[in-house]
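Below is one structure, written out as structure tokens; the observations come after it.
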Amino acid sequence: MIVALGDSTTAGTPGWMSPREFPPKGRGDDRSQYAYWLMHAHPEWTVVNQGINGQRSDEIARRFDEDVAALRPSLVIIIAGVNDIYQGRPAAHVIAQLDTMYRRAAALGIRVVAGTILPYNTATPDQNARMREVNAWITARAESDPNMRVADTRVAVASATDPDRLASTPDDLHPDADGYRRMAAAIEPQIEGHRKTQKNAD
């Protein structure tokens, strides 16, 4: 089992409400979530969408035990921090919360795919700078943590002409269904890399 943990960009906003938001099965266009596209490419995978729209990294971290540890997955995908940045919190706040979640996963033997914070079209230069600071830290941390791999989900959904804007969006804040497909395409090889490493270790 794989758990997808995060905010709106995990939940699938605005096209989809995750099962965590609208139990038991979610509601909307199920293609508007990267979990759908991962399972579409790999029907043998079970990806549990534990995204909740609007949550900050500290709120996501507080539900780690309930939404991740209790399910005992082999792997967790974590994407968090955009709402902290939007609300004016410093990059250091996000970094501390992400570090807590990465360490908690490692302690439980759960491998991590860390996604980078996605762009949104209304972000200010300062907000983009803070998002880039968090994303650079994620990438650097993964270089020294064998339990962690990075999926550059920001680049996956960004415009080809402006890396701080979404390539396609229904609301200037979130990807459309094709954007969520692109996220899955960035995440998929990192999951497969973890599985290959585990297989070789066995």
Side-chain angles (χ1 to χ4, degrees), residues 2-14 16-21 33-35 47-71 73 75-108 110-124 126-145 147-158 164 166 173-175 179-180 183 186-187 190:
I2 298 166
V3 169
L5 182 69
D7 48 44
S8 59
T9 56
T10 294
T13 308
W16 176 253
M17 294 182 71
S18 75
R20 190 68 170 75
E21 299 170 314
Q33 53 173 331
Y34 72 74
V47 183
V48 179
N49 184 339
Q50 301 282 50
I52 298 180
N53 181 30
Q55 286 202 327
R56 298 185 309 270
S57 60
D58 56 301
E59 295 171 310
I60 295 166
R62 280 200 296 270
R63 58 187 176 89
F64 188 94
D65 283 354
E66 179 184 357
D67 285 3
V68 181
L71 299 181
L75 185 145
V76 62
I77 304 158
I78 300 174
I79 304 175
V82 69
N83 292 306
D84 308 64
I85 299 300
Y86 184 82
Q87 293 175 20
R89 286 168 172 77
H93 171 80
V94 179
I95 288 168
Q97 300 302 320
L98 289 174
D99 189 59
T100 294
M101 288 187 276
Y102 299 158
R103 290 177 183 276
R104 180 67 176 140
L108 293 169
I110 302 170
R111 294 185 179 273
V112 174
V113 172
T116 51
I117 302 175
L118 274 60
Y120 56 96
N121 292 357
T122 60
T124 65
D126 173 67
Q127 288 169 330
N128 279 315
R130 280 181 282 138
M131 285 189 276
R132 284 193 290 270
E133 182 179 347
V134 174
N135 289 343
W137 174 84
I138 292 170
T139 300
R141 190 190 190 287
E143 291 176 357
S144 60
D145 186 347
N147 194 60
M148 180 180 169
R149 297 175 71 96
V150 177
D152 199 343
T153 42
R154 184 180 182 94
V155 167
V157 301
D164 291 332
L166 293 159
L173 297 173
H174 304 95
Y180 286 113
M183 288 178 70
I187 293 166
Q190 305 311 322

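The analysis underlying the following values was restricted to heavy atoms, covering all of them including side chains, and did not include hydrogens, waters or symmetry mates.
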Could you tell me which non-hydrogen atom of [X] sits nearest to which non-hydrogen atom of [Y], and how far apart they are?
X    : Y    : answer
G88  : R130 : C-NH1, 3.5 Å
Y180 : Y34  : O-CB, 3.5 Å
V157 : P119 : CG2-CD, 3.7 Å

Of [options], which meets side-chain contact (heavy atoms from CB on, under 4.5 Å) against [X]?
X    : options               : value
Q50  : T10, V68, I77, L71    : L71
V82  : I117, V134, L173, V94 : I117
Y102 : I110, I78, N147, V76  : I78

What is the distance from atom [atom1] of [X] to atom [atom2] of [Y], rounded to the nearest 0.5 Å?
X    : Y    : atom1 : atom2 : answer
I138 : D145 : CD1   : CG    : 12.5 Å
T9   : L118 : OG1   : CG    : 5.0 Å
Q97  : I60  : CD    : CD1   : 9.5 Å
Y120 : I85  : OH    : CD1   : 7.5 Å

Would you say the side-chain atoms of [X] pair up with the backbone N or O of [Y], donor to acceptor, closer than 3.5 Å?
X    : Y    : answer
S18  : E21  : yes
D152 : A186 : no
S8   : G54  : no

message: Test of understanding: with side-chain contact (heavy atoms from CB on, under 4.5 Å), list the residues that count as partners of R103, not counting sequence neighbours.
response: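 Checked R103 against side-chain contact (heavy atoms from CB on, under 4.5 Å); matches are D99, R141.
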- request: Could you list the residues that satisfy side-chain contact (heavy atoms from CB on, under 4.5 Å) with R132, not counting sequence neighbours?
  value: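 Checked R132 against side-chain contact (heavy atoms from CB on, under 4.5 Å); matches are N128, A129, D164.
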field: Distance-only donor-acceptor check, side chains Q55 and R63, under 3.5 Å
entry: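 The criterion, which ignores hydrogens and geometry beyond distance, is satisfied for R63 and Q55.
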- prompt: With sequence neighbours excluded, what pairs up with S57 under the side-chain hydrogen bond (donor to acceptor under 3.5 Å, both in side chains) test?
  reply: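 Once residues adjacent in sequence are excluded, the partners of S57 under the side-chain hydrogen bond (donor to acceptor under 3.5 Å, both in side chains) criterion are D84.
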